[in-house]
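Just so you know, residue 1 is the first one in the sequence shown, and it goes up from there. Source: prediction; values computed, not measured.
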Amino acid sequence: LTTKEVVLSLPLSGLVNVNDGDVVVRTTDGKSVKSVTGATPTRFGVVVRNGVGKSGKDTAGNEAYQLGDILPIKTIGTIWVKPNAPVTDITAKVYVKTANGTTGAPLGSLSSTAADGTEFPNASWETVTNPEGLAILRLRGA
């Protein structure tokens, strides 16, 4: 699956650390990103796996991006992701968890079901989940 790709380099705002593969929200001025912390934002992007630029640690002690770090954010192209709920039909919509409610998944996690989520506009599944729980997500810009 090859296609045009857009990866933005944007600083992280807010006090919540993020990791490779996390969904983030572009701020309204477009100059930074922040973690998904609720409400119903729709200008999502996915943090591209990168071995440099992380100055913080997550709760498990792994390297993570923190306030001020520059993140590689994919907004157009394809990317492997690990959805919270298995993708069994590539025509299913893509959702990002934006509310604490009925499911225990973390905010910002991806799913093919609407539980506690907001639709990820201009995104679609390209594959069902594989045995490792990964699926290809196509992004067409926000």
Nearest 0.5 Å, please: how far is CG in Leu10 from CG in Leu12? 10.0 Å
So, using side chain to side chain contact (heavy atoms under 4.5 Å, CB included) as the criterion, who are the partners of Ser35 when residues are at least two apart? Val16, Val18, Thr37
Do Val7 and Ser9 have side-chain heavy atoms sitting under 4.5 Å apart? no
hydrophobic_cluster_shared for Val47 and Ile70, side chain cutoff 4.5 Å: no
Taking side-chain hydrogen bond (donor to acceptor under 3.5 Å, both in side chains) as the test, write out the residues that go with Asn50, two or more places apart. none
Between Ser109 and Asn84, what is the shortest heavy-atom contact and its length? OG-CB, 4.2 Å
Using 0.5 Å steps for rounding, measure from the OG1 atom of Thr98 to the CG atom of Asp116. 8.0 Å
Selection residues 55-65 - residue pairs positive for salt bridge (charged side-chain N to carboxylate O under 4.0 Å, His left out), sequence neighbours left out: none
Val6: side chain to side chain contact (heavy atoms under 4.5 Å, CB included) partners, not counting sequence neighbours: Lys4, Leu8, Thr75, Ile76
Residues that Thr59 engages under side-chain hydrogen bond (donor to acceptor under 3.5 Å, both in side chains), provided they are two or more places apart: none
Pro11 and Leu71: which non-hydrogen atoms are nearest, and at how many Å? C-CD1, 4.5 Å
Can you give me the closest heavy-atom contact between Gly108 and Val96, atom names plus distance? CA-CG1, 3.7 Å
Does the side chain of Asn122 come within less than 4.5 Å of Leu139's, by heavy atoms? no
State which residues pass salt bridge (charged side-chain N to carboxylate O under 4.0 Å, His left out) with Lys34; sequence neighbours excluded, sorted by chain then number. none
Contact check, side chains of Val87 and Thr127, non-hydrogen atoms, under 4.5 Å: no
How long is the gap from OG1 on Thr78 to CZ on Arg140, to the nearest 0.5 Å? 11.5 Å
Mind checking what makes side chain to side chain contact (heavy atoms under 4.5 Å, CB included) contact with Leu67, not counting sequence neighbours? Leu15
Listed by chain and number, what are the side chain to side chain contact (heavy atoms under 4.5 Å, CB included) partners of Asn17, not counting sequence neighbours? Ala64, Gln66
Indicate yes or no for a side-chain donor-acceptor contact from Ser111 to the backbone of Pro83 under 3.5 Å, with no hydrogens or angles considered. no
Which atom pair, heavy atoms only, marks the closest approach of Gly30 to Arg26? O-NH2, 3.7 Å
Please check this pair: side chain of Ser13 against backbone of Val33, looking for a donor-acceptor N/O pair closer than 3.5 Å. yes
Rounded to the nearest 0.5 Å, what separation is found between the CG atom of Leu110 and the OH atom of Tyr95? 13.0 Å
When you compare the side chain of Phe44 with that of Val25, does any pair of heavy atoms fall below 4.5 Å? yes
Salt bridge (charged side-chain N to carboxylate O under 4.0 Å, His left out) pairs touching residues 71-87, sequence neighbours excluded, are Glu5-Lys74
Just so I know, are the side chains of Tyr65 and Asp20 near enough to count as touching, which here means a heavy-atom distance under 4.5 Å? yes
Side chain Trp125, main chain Lys93, donor-acceptor under 3.5 Å: yes
Interatomic spacing from CD1 in Ile73 to CG in Asp22 - rounded to 0.5 Å: 9.5 Å
d(Lys54 NZ, Asn19 CG) to nearest 0.5 Å is 7.5 Å
